[in-house]
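Counting starts at 1 for both ligands and their atoms, in listed order. For reference, positions follow the sequence shown, starting with 1.
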Amino acid sequence: MNIHIITVLPELLESPFQHSIMKRAQEKGLLQVHVHHLRKWAINKHGQVDDYQYGGGAGMVMMCEPLANAIDELQQEKKFDDIIFMTPDGETFNQKTANQLSLKENILIICGHYKGIDQRIRDTYVTKEISIGDFVLSGGELAAAIVVDAIGRIIPGVLNDETSALTDSFQDNLLAPPVYTRPADYKGLKVPDILLQGDPKKVEDWRYEQALLRTQQRRPDLLKD
Ligand code: ADE
């Protein structure tokens, strides 16, 4: 899978994909992340990519021309399955969207800054608008990093133990059950007996019950779907 990201702050996206599972996904050739600096398509030698908003008001707006030229140039090389704009007024990101996006071949993500991007780019190029929650970040980069991480780890073949993504919270609309490791007794706090008995069926049933209980207690809204 190829993920291209357009940003005015490429430095913010240098580290997130260079460690752990994202690193492994790229080493296995299952994920390629390409970060593009929007200033490459600036309208003048000062590197301008934004301007005052029509109608007045505080905050700059990212201009049509640099973004359109960047997207057009990248699209000459490959057709994108989705052109995503990261924005707090987009559809709230969740595991279902991550699952859907993980099956795509080529995705382009645009990170907004300042007051946002000119509406005409949203109207003509963008196919999906994603928010990572009801709060406002200074820019779309950290949000994009979260989306890429959530997608990248579930690309088939990325995780060694294929089942471990299936038992994550939110797969099946359930939160994950509690987990324990050694020692079996930590200062009198004991690991549940059932996990020590070596009966895989009982463990599976216990985990399902715990997942259900935790979801009922913490996120009953998930059980309504
Ligand atoms: N850009 C700024 N805030 C954001 C958010 N909550 N989600 C996605 N992109 C954003």
Side-chain angles (χ1 to χ4, degrees), residues 1-19 21-22 25 31 33-42 47-68 70-71 74 80-104 106-155 168-170 218-219 221-222:
M1 175 179 200
N2 287 289
I3 301 184
H4 290 253
I5 307 176
I6 298 177
T7 169
V8 288
L9 277 178
E11 299 85 354
L12 269 183
L13 292 166
E14 266 166 23
S15 177
F17 315 123
Q18 284 173 15
H19 308 277
I21 296 172
M22 290 303 103
L31 171 69
V33 182
H34 312 267
V35 178
H36 304 279
H37 198 335
L38 183 63
R39 295 213 193 275
K40 186 177 156 199
W41 292 276
Q48 186 180 356
V49 293
D50 59 346
D51 211 335
Y52 296 101
Q53 55 174 315
Y54 278 121
M60 306 291 272
V61 174
M62 288 166 71
M63 304 170 81
C64 285
E65 197 179 327
L67 281 168
I71 300 167
L74 296 175
F80 293 108
D81 301 307
D82 260 315
I83 299 183
I84 299 169
F85 175 48
M86 302 308 306
T87 174
D89 58 11
E91 151 201 339
T92 309
F93 190 58
N94 59 21
Q95 193 62 45
K96 188 169 161 228
T97 310
N99 291 347
Q100 285 164 353
L101 290 174
S102 73
L103 302 174
K104 311 262 169 159
N106 297 298
I107 288 177
L108 175 62
I109 301 179
I110 303 168
C111 303
H113 254 270
Y114 321 115
K115 267 285 162 209
I117 66 176
D118 191 299
Q119 183 60 39
R120 289 166 290 187
I121 294 291
R122 296 172 72 163
D123 294 341
T124 52
Y125 285 97
V126 171
T127 59
K128 200 172 186 61
E129 301 193 326
I130 294 181
S131 162
I132 60 155
D134 290 345
F135 43 82
V136 180
L137 301 165
S138 343
E141 286 75 12
L142 297 181
I146 285 169
V147 167
V148 173
D149 188 294
I151 296 172
R153 62 190 295 282
I154 51 173
I155 294 173
D168 284 343
S169 280
F170 303 113
R218 300 182 183 193
R219 292 292 306 276
D221 56 301
L222 291 175

Peer 1: Number the atoms of ligand 1 from 1 as they appear, then name those within less than 4.0 Å of a heavy atom of G133, with their elements.
Peer 2: 6 (N)

Peer 1: Taking atom CG of D89 as the centre, report whether more than 12 heavy atoms of other residues, nucleotides or ligands fall under 6.0 Å from it.
Peer 2: yes

Peer 1: How close does the nearest protein non-hydrogen atom get to atom 6 (N) of ligand 1, and which residue and atom is it?
Peer 2: F135 O, 2.8 Å

Peer 1: Is it true that the side chains of S102 and N99 contain a donor and an acceptor less than 3.5 Å apart?
Peer 2: no

Peer 1: What atoms of ligand 1 come within less than 4.0 Å of a heavy atom belonging to I130?
Peer 2: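 Going through ligand 1 atom by atom, the ones under 4.0 Å from I130 are 8 (C).
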
Peer 1: Run the numbers for me: atoms of ligand 1, each under 4.0 Å from some heavy atom of S131, listed by number.
Peer 2: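 Within the 4.0 Å cut-off of S131, ligand 1 contributes 6 (N), 7 (N), 8 (C).
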
Peer 1: Under 3.5 Å, N or O to N or O, is A143 touching ligand 1 that way?
Peer 2: no

Peer 1: I132 to ligand 1: N or O pair under 3.5 Å?
Peer 2: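 I132 vs ligand 1: N/O contact under 3.5 Å present.
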
Peer 1: If we check salt bridge (charged side-chain N to carboxylate O under 4.0 Å, His left out) with D118, which of these qualifies: R120, R122, K115?
Peer 2: R120

Peer 1: Please confirm whether A144 comes under 4.0 Å of ligand 1, counting heavy atoms of the residue only.
Peer 2: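 Flag not set, A144 not near ligand 1.
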
Peer 1: Mind checking whether D134 contacts ligand 1 via backbone (N, CA, C, O), side chain (CB onward), both or neither, at a 4.0 Å heavy-atom cut-off?
Peer 2: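 Answer for D134: neither.
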
Peer 1: Starting from atom 3 (N) of ligand 1, what is the nearest protein heavy atom, named by residue and atom, and what distance separates them?
Peer 2: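 Heavy-atom neighbour on the protein nearest atom 3 (N) of ligand 1: L137 N, 3.0 Å.
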
Peer 1: From the options D81, N2, D82, select the one residue that forms a side chain to side chain donor-acceptor pair (under 3.5 Å) with K104.
Peer 2: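 One option only clears the test, and that one is D82.
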
Peer 1: Among all protein heavy atoms, pick out the one at the shortest distance from atom 9 (N) of ligand 1; state its residue, atom name and that distance to 0.1 Å.
Peer 2: T87 N, 3.2 Å

Peer 1: Only one of L74, I110, I5 forms a side chain to side chain contact (heavy atoms under 4.5 Å, CB included) with H36, so which one is it?
Peer 2: L74

Peer 1: Do you know which two heavy atoms are closest between A70 and L38, and how far apart they sit?
Peer 2: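 Residues A70 and L38, closest heavy atoms: CB-CD1, 4.2 Å.
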
Peer 1: Check the surroundings of atom CD in E65: do more than 12 heavy atoms from other residues, nucleotides or ligands lie under 6.0 Å from it?
Peer 2: no

Peer 1: Closest non-hydrogen protein atom to atom 4 (C) of ligand 1, residue and atom name please, with distance?
Peer 2: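 Here the closest protein heavy atom is P88 CD, 3.6 Å.
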
Peer 1: Nearest 0.5 angstrom please: M86 CE to T7 OG1, how far?
Peer 2: 12.0 Å

